[in-house]
Amino acid sequence: MRVFKFGGASVKDAASVKNVAEVLQQVGFEDVFLVVSAMGKMTNAFEKLTQAYCEQSEDRDIILNEIKQYHHKIINDLFEDNSKLVCNKVEIYFAQLESFFTENTSDNYDYIYDQLVSQAELISTTIVSKYLASSGIENTWIDVRDYVKTNTDYRDARVDWTNTEENIKRSIIKNGTLYITQGFLGRAENGHTTTLGREGSDYTAGIFAYCLNADSVSIWKDVEGVLNADPRYFKEAKLLEQISYTEAIELAFYGASVIHPKTLQPLQKKEIPLYVKSFLHPKNKGTSVSRGVHIHPEMPCFIVKKDQILLSISSLDFSFIVERNISEIFSLLHEHKMKVNLIQNSAISFSVCLEDKYQNFDTLLKELKDKFKIEYFKGVSLYTIRHFTKESITRIEKDNGVLLKQLNQETVQIVIE
Ligand code: ADP
Ligand code: ASP
Ligand code: MG
């Protein structure tokens, strides 16, 4: 079995959905397990909807209408005759959403988020499944929540591998069928929907590949494969033809957003190759991630994380920052769900480069200020260069204010103003 994953960019409008069908025609779809994300930027739109609902803002219905219109346009552009039928199916999800608005009694933001945001993948896969069927590609739509079981860490749920594997092995059978399901979602034991963290659909593909002992996973992207930099920021980014699991894990860990970091471990365990390919040129080779050659061709790889916070912490009385302080600082960072991307300490200060994913920085700051002297820079960028050379470092440092730099054998990290 082959597992394919199509992300938001590959289903962002009717032409893109048609292209998915073409890709399947070109590369074959027998014994394929297809994971599809929300359409275009719909997860962001549903995030706004969640916020508006929780803040009881009047924008709620405006945002919901925009979401509806976006999907209706795609449906109308895709289906000439039976657009009504597909619309009706999709309408069920919108109706569920609206009854959630009236019936929900919880004030747990993360729980609400998962119940609302998850609708985007349910709607998307319904449309894609119907379109594929209408263009002669028979497929079986499944609800991923019946298979992927998780704990109740809403918005960042952990997979219960034993249960998940059992469910998948019991019901997904190789018989030439094309299955289609949602990425990013799961279900907790209490029956509620959970999500696996933003960009989690690649991970879903990894989960199914692992449980199905798949032959390979292909993630279809709007780029030729894994490049040595994000082409949005580096014009002349080049294709990496072959990288090892370890290299891919490192790149994803440092923030190369083309692969979700959690995707690789299950694949590495069973040595299932991962292909990162272009949905515009499906016959091109793309990047192969597998065991063996570390990186080919070898070249410096640039990763940039924008919108970081560089936080410097020192003691109020100029005493050393020692284990006890560090452990206290870390438990505060953990409590406030801060993502720590870089750590550096000296005798009297401790610096961390942070990502404030859940807008908790101000409360964190208040608590830290009671105990420490704090300095911080908001809106800084963290550059990571794997396999760096002198020239590659100069390239980043020239014309930029360097706030912090850390070097090890293969990787240099530079925080830039
Ligand atoms: P999906 O449609 O599956 O969600 P993403 O948008 O998450 O796809 O991933 C593809 C994007 O990742 C590209 O458009 C590119 O801008 C970005 N990207 C970041 N780092 C890299 C890299 N090293 N190589 C290729 N693309 C990268
Ligand atoms: N739709 C989700 C997101 O945008 C999951 C994914 O696309 O991977 O984060
Ligand atoms: Mg994505």
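Order of appearance sets the numbers: ligands from 1, and atoms from 1 within every ligand. Throughout, numbering of the chain's residues begins at 1 and tracks the sequence.
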**Request:** Could you tell me the separation between the NE2 atom of H294 and the CG atom of L240, rounded to the nearest 0.5 Å?
**Result:** 11.5 Å

We want to know whether [X] and [Y] form a side-chain donor-acceptor pair, criterion being a heavy-atom distance below 3.5 angstrom.
X	Y	answer
S278	N284	no
N341	E355	yes
T204	S201	no

Provide, line by line, the atom pairs where ligand 1 and the protein bring an N/O atom each to a distance under 3.5 Å; else say none.
residue, atom, partner, partner atom, Å
ligand 1, 2 (O), G8, N, 3.4
ligand 1, 2 (O), A9, N, 3.2
ligand 1, 3 (O), K5, NZ, 2.7
ligand 1, 3 (O), K221, NZ, 2.8
ligand 1, 7 (O), E199, OE1, 3.1
ligand 1, 8 (O), K221, NZ, 3.3
ligand 1, 14 (O), D222, OD1, 2.7
ligand 1, 14 (O), D222, OD2, 3.2
ligand 1, 16 (O), D230, OD1, 2.8
ligand 1, 16 (O), R232, NE, 3.1
ligand 1, 23 (N), L227, O, 3.0
ligand 1, 24 (N), L227, N, 2.9

Give the minimum heavy-atom separation between [X] and [Y], together with the two atoms involved.
X	Y	answer
Y245	P273	OH-N, 3.5 Å
K305	G255	CE-CA, 3.7 Å
Y203	H260	CB-ND1, 4.2 Å
H336	L332	ND1-O, 2.9 Å

Salt bridge present between [X] and [Y] (N-O < 4.0 angstrom):
X	Y	result
R2	E30	no
K390	E397	no
K366	D362	no

**Message:** At a cut-off of 2.8 Å, what protein N/O/S atoms sit near the Mg ion (ligand 3)?
**Reply:** E199 OE1

**Partners passing ring pair (Phe, Tyr, Trp, His ring centres under 6.0 Å) against Y53 (at least two apart in sequence or in another chain)** = F101

Ligand-protein N/O pairs under 3.5 Å (ligand 2):
residue, atom, partner, partner atom, Å
ligand 2, 1 (N), T43, OG1, 2.7
ligand 2, 1 (N), E121, OE1, 3.1
ligand 2, 4 (O), T43, OG1, 3.3
ligand 2, 4 (O), R198, NH2, 3.1
ligand 2, 7 (O), S37, OG, 3.2
ligand 2, 8 (O), E199, O, 3.4
ligand 2, 8 (O), G200, N, 3.3
ligand 2, 8 (O), S201, N, 3.0
ligand 2, 8 (O), S201, OG, 3.1
ligand 2, 9 (O), R198, NE, 2.6
ligand 2, 9 (O), E199, N, 2.7

**Pairwise side-chain contact, I309 with V380, heavy-atom cut-off 4.5 Å (strictly under)** = no

